[in-house]
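Encoded as structure tokens, the structure appears first; notes follow it.
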2 protein chains.
Amino acid sequence: MQRPTIKTIAQETGLSIATVSKALKHSPQVRPETRAIVIEAAERVGYELNMHGVQLRTGKTYQVAAIMTAPGPKQNEWEGVEYAQLLSGISWALEDSPYRVSLYAVRNFEESQAIIKQIVSLKKADGIIISGTRADDPRIRTMQAADFPFVTYGTSVHNAPHAYVDADNEQMIRVSMARLVERGHRRIALLNPLSDLSYGITRFESYRRALEVAGLPFDPALVAHGRLTPAFGRENVLTMSDLSNPPTAYICANEASALGAFSGFHERGLVHGRDAVINATDDLNVSQYFAPPITTYYLPISEPSSLLGTYILRRMEGEPPEALQTLLMPKLIERCDDRLTPKR
Amino acid sequence: MQRPTIKTIAQETGLSIATVSKALKHSPQVRPETRAIVIEAAERVGYELNMHGVQLRTGKTYQVAAIMTAPGPKQNEWEGVEYAQLLSGISWALEDSPYRVSLYAVRNFEESQAIIKQIVSLKKADGIIISGTRADDPRIRTMQAADFPFVTYGTSVHNAPHAYVDADNEQMIRVSMARLVERGHRRIALLNPLSDLSYGITRFESYRRALEVAGLPFDPALVAHGRLTPAFGRENVLTMSDLSNPPTAYICANEASALGAFSGFHERGLVHGRDAVINATDDLNVSQYFAPPITTYYLPISEPSSLLGTYILRRMEGEPPEALQTLLMPKLIERCDDRLTPKR
DNA sequence: ATGGACGATAAAAACGTTTAACTTCGTTGT
DNA sequence: ACAACGAAGTTAAACGTTTTTATCGTCCAT
């Protein structure tokens, strides 16, 4: 038995395939009674739309390309693990649509640039979702130049307005800094993402402004930029704690670097809460299991990811990008007082 | 300017589209000189194969469905994070092929079953990769009944032979147990995955056999089955350490539960290496950052994931499943002596 | 010379859908 | 009474491939 097509239904009902096609997509050109007959026949024979025919005819792919930057296979560091949840969130948001998530794993920025050019020029997808945006992101320019629907996880600074979802890094750092200063900290370290990433810049600028507001000096030795692995967190704690005037607080940009920071504490014999404290941003709800649990800004990854999904759908429907911009404020979860208990 | 098709090349060269098509796919029916002309013209006009035409004509989708079971969006526990690396590994393995990874995120086993039936019956992909296999897995039966190419991450017990990749859980537990027994442990806890998962059963059976070999009694109170979240690790340490005769070693099935176990240690005031030790399986190389670092069996996730990719390719080419079965032995990384230092 | 085989290319059909253009027929307005 | 119109369908073309079948020389054996 062959799989039924609209032709099958046409024969079954005595109508033409054109009418069947129109009936199935609720065209006003076909009478309700006729449509009912078609629907009935379709169900009876177990008809399912064959996307290949549609794709060839319409040129639409019904694919949303998710570009995932992950370090190469040799790189066995704990990085980018939140992508799993991100992808599933996007996938669920598209669940009731005809769109599917098509995965493009790339190793670095250049590759993502090349892939995006290819997707855009060869129309390998109808929409693109990217992350790891830069302040001035050439990929965004590529997609905008081709008028190609896309949503970014992360903002950009110098690009024309586009659809995005991001955590409110500016506010997060501002609040975080004020809270630490209020608790007596004067030397606060910032473990930041790579400095070409947009949110790295946002966080850094917010940090500097917060220092100014608090009347504290800026010390470049207390700021590190890098790939947010545990190794990064560990190494920076090791070097910064060796300073003559070491930090009493570390703000880590994610849970991986926070874990690494703990490892550095352990190595140096530092006690959390006595010698210094660690605060982090966490979207996997994992830092509650650290020993001790730490204060975090928690943004469940499911929120931005489902937004990314719905935004790309709406963007592909033609909604203007300005209407599809959201900054989400992570929730402060205070698991520590974060005041240092004086050594005695 | 329209995108060039084989028709464009046909006009350009004065040949028919049939000849062009054959030339491009290296059919022996076309003369080398003719082929050269076609290739030249194709490059000159910038021709790229339009997959939609191919798909409609041949019925092939050039999609590999990756079924990813992740807890629902409400469930904000750290679980399944290794999927990110797994997916990128698969994606890279398919890079030089015309195949793409199409992501299907599901919330539970039943959903994955439904999705697979759909993919198989509606030919929404040419191959499927699943994980979380059960001892007797109905999804495997579905795919085998339809003679549909697939590879599993994880073995099965009662199903007909199929392509799979897995860690050698039997050996891993056997070696792990022998090592702990040798170091004086008599009460060894097993924090195991859900008992309907194939590797949960493998691990459990290996555990029981190892106890027998060592002449140790089996105590059901020392075995827990569950979703491998940090919460699971934590809770089991809390309850097991309250036993009148608590375990002196915990074998955790992944890094998430090991992290949770540490959290339980912290809560109960247990010191790693004095009161008990934690060993774990780790495929993200993260447990080296625990405080203290623990002994783990490390299998870089890139290995199984790239194998999954190449296996599904070979399976789709018609290679028999028996040739596509691999158990990978994780590498023991001893970061602790794991002998208890006696309290004094 | 004739017929057959073969090698190289062309013609045409097919995959399943959408959609522009056309037909048919009943209704409406004048 | 008749043109104009609208509603509801139909016809046919098109999307870009692959593949079966047909065509046309050319070469070779008879």
Side-chain angles (χ1 to χ4, degrees), chain A residues 1-42 45-63 98-100 121-126, chain B residues 1-42 45-63 98-100 121-126:
Chain A
M1 253 295 289
Q2 284 297 352
R3 176 173 166 183
T5 71
I6 53 172
K7 206 168 173 179
T8 318
I9 302 180
Q11 287 165 348
E12 202 77 11
T13 57
L15 293 162
S16 76
I17 61 165
T19 312
V20 173
S21 172
K22 286 173 187 160
L24 288 173
K25 44 188 351 222
H26 294 165
S27 155
Q29 287 183 42
V30 41
R31 265 196 326 198
E33 304 96 76
T34 315
R35 171 173 313 139
I37 294 172
V38 171
I39 303 282
E40 189 275 329
V45 301
Y47 170 77
E48 288 269 355
L49 182 62
N50 183 326
M51 288 312 256
H52 294 334
V54 180
Q55 288 166 344
L56 177 57
R57 172 63 221 226
T58 64
K60 292 193 65 173
T61 66
Y62 291 100
Q63 306 258 347
Y99 292 91
R100 291 291 109 217
S121 71
L122 298 178
K123 277 235 186 298
K124 292 189 156 215
D126 299 332
Chain B
M1 253 296 286
Q2 284 296 352
R3 177 173 164 182
T5 71
I6 53 173
K7 206 168 174 179
T8 318
I9 302 181
Q11 286 166 350
E12 203 77 10
T13 57
L15 293 162
S16 75
I17 62 165
T19 310
V20 173
S21 171
K22 286 173 187 159
L24 288 174
K25 43 188 352 223
H26 292 162
S27 157
Q29 290 183 41
V30 41
R31 265 195 329 196
E33 305 94 78
T34 315
R35 172 172 312 140
I37 295 172
V38 171
I39 302 282
E40 189 276 328
V45 301
Y47 170 77
E48 288 269 355
L49 182 61
N50 182 326
M51 288 311 254
H52 294 332
V54 180
Q55 288 167 343
L56 178 57
R57 172 65 220 222
T58 64
K60 290 194 68 174
T61 65
Y62 291 99
Q63 306 259 346
Y99 292 91
R100 291 289 110 217
S121 70
L122 298 178
K123 277 234 188 299
K124 293 190 155 211
D126 299 332

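Throughout, protein chains are lettered first and strands after them, A, B, ... in sequence-line order, and every chain is numbered starting at 1.
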Could you go through nucleotides 6-9 of chain C and list every protein N or O atom that sits under 3.5 Å from one of its N or O atoms, giving the distance for each pair?
| from | atom 1 | to | atom 2 | distance (Å) |
| --- | --- | --- | --- | --- |
| dT9(C) | OP1 | Arg31(B) | NH2 | 3.2 |
| dT9(C) | OP1 | Thr34(B) | OG1 | 2.7 |
| dT9(C) | OP2 | Arg31(B) | N | 3.2 |
| dT9(C) | OP2 | Thr34(B) | OG1 | 3.2 |

Exercise. Could you check which residues of residues 55-63 of chain A get a heavy atom under 4.0 Å from DNA chain D? Sort them by number, please.
Key: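 Within residues 55-63 of chain A, the residues near DNA chain D are Leu56(A), Arg57(A).
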Between [atom1] of [X] and [atom2] of [Y], what distance do you get to the nearest 0.5 Å?
X: Arg31(A); Y: Thr19(A); atom1: CZ; atom2: OG1; result: 11.0 Å
X: Leu49(B); Y: Leu24(B); atom1: CG; atom2: CG; result: 8.0 Å
X: Met51(B); Y: His52(A); atom1: CE; atom2: NE2; result: 10.0 Å
X: Gln63(A); Y: Lys123(A); atom1: CD; atom2: NZ; result: 14.0 Å

Heavy-atom pair with the smallest gap, counting every atom of [X] and [Y]:
X: Val30(A); Y: Ala23(A); value: CG1-CA, 3.6 Å
X: Pro4(B); Y: Gly46(B); value: CG-O, 3.5 Å
X: Lys60(A); Y: Gln55(A); value: O-CG, 3.1 Å
X: Glu12(B); Y: Ala41(B); value: CG-CB, 4.4 Å
X: Ile6(B); Y: Ser21(B); value: CD1-CB, 4.4 Å

Within the structure shown, what part of the strands sits under 4.0 Å from [X] by heavy-atom distance: base, sugar-phosphate, or nothing?
X: Leu49(A); answer: sugar-phosphate
X: Ser21(A); answer: base
X: Glu48(B); answer: sugar-phosphate

Self-check item: Axial bend angle, the helix from dA1(C)-dT30(D) to dT30(C)-dA1(D): five-pair end segments, nearest 10°
Solution: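 That helix gives 60° between its end axes.
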Quiz item: Between Arg3(B) and Leu122(A), is any pair of side-chain heavy atoms under 4.5 Å apart?
Solution: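 SC-SC contact between Arg3(B) and Leu122(A) confirmed.
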Quiz prompt | Min side-chain heavy-atom separation Asn50(B)-Thr5(B) under 4.5 Å | solution = no
Quiz item: Excluding sequence neighbours, so at least two apart, what forms side chain to side chain donor-acceptor pair (under 3.5 Å) with Thr61(B)?
Solution: Asp126(B)
Exercise. For Tyr47(A), enumerate each residue passing the ring-ring contact (aromatic ring centres under 6.0 Å, His included) test, keeping only those at least two apart in sequence or located in another chain.
Key: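 Tyr47(A) satisfies ring-ring contact (aromatic ring centres under 6.0 Å, His included) with no other residue.
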Quiz prompt | 5' to 3' contact window, DNA chain D with chain B (heavy-atom distance under 4.0 Å) | solution = dG16(D) to dT20(D)
Quiz prompt | Contact nearer the 5' end of DNA chain C, comparing Ile17(B) with Gly53(B) | solution = Ile17(B)
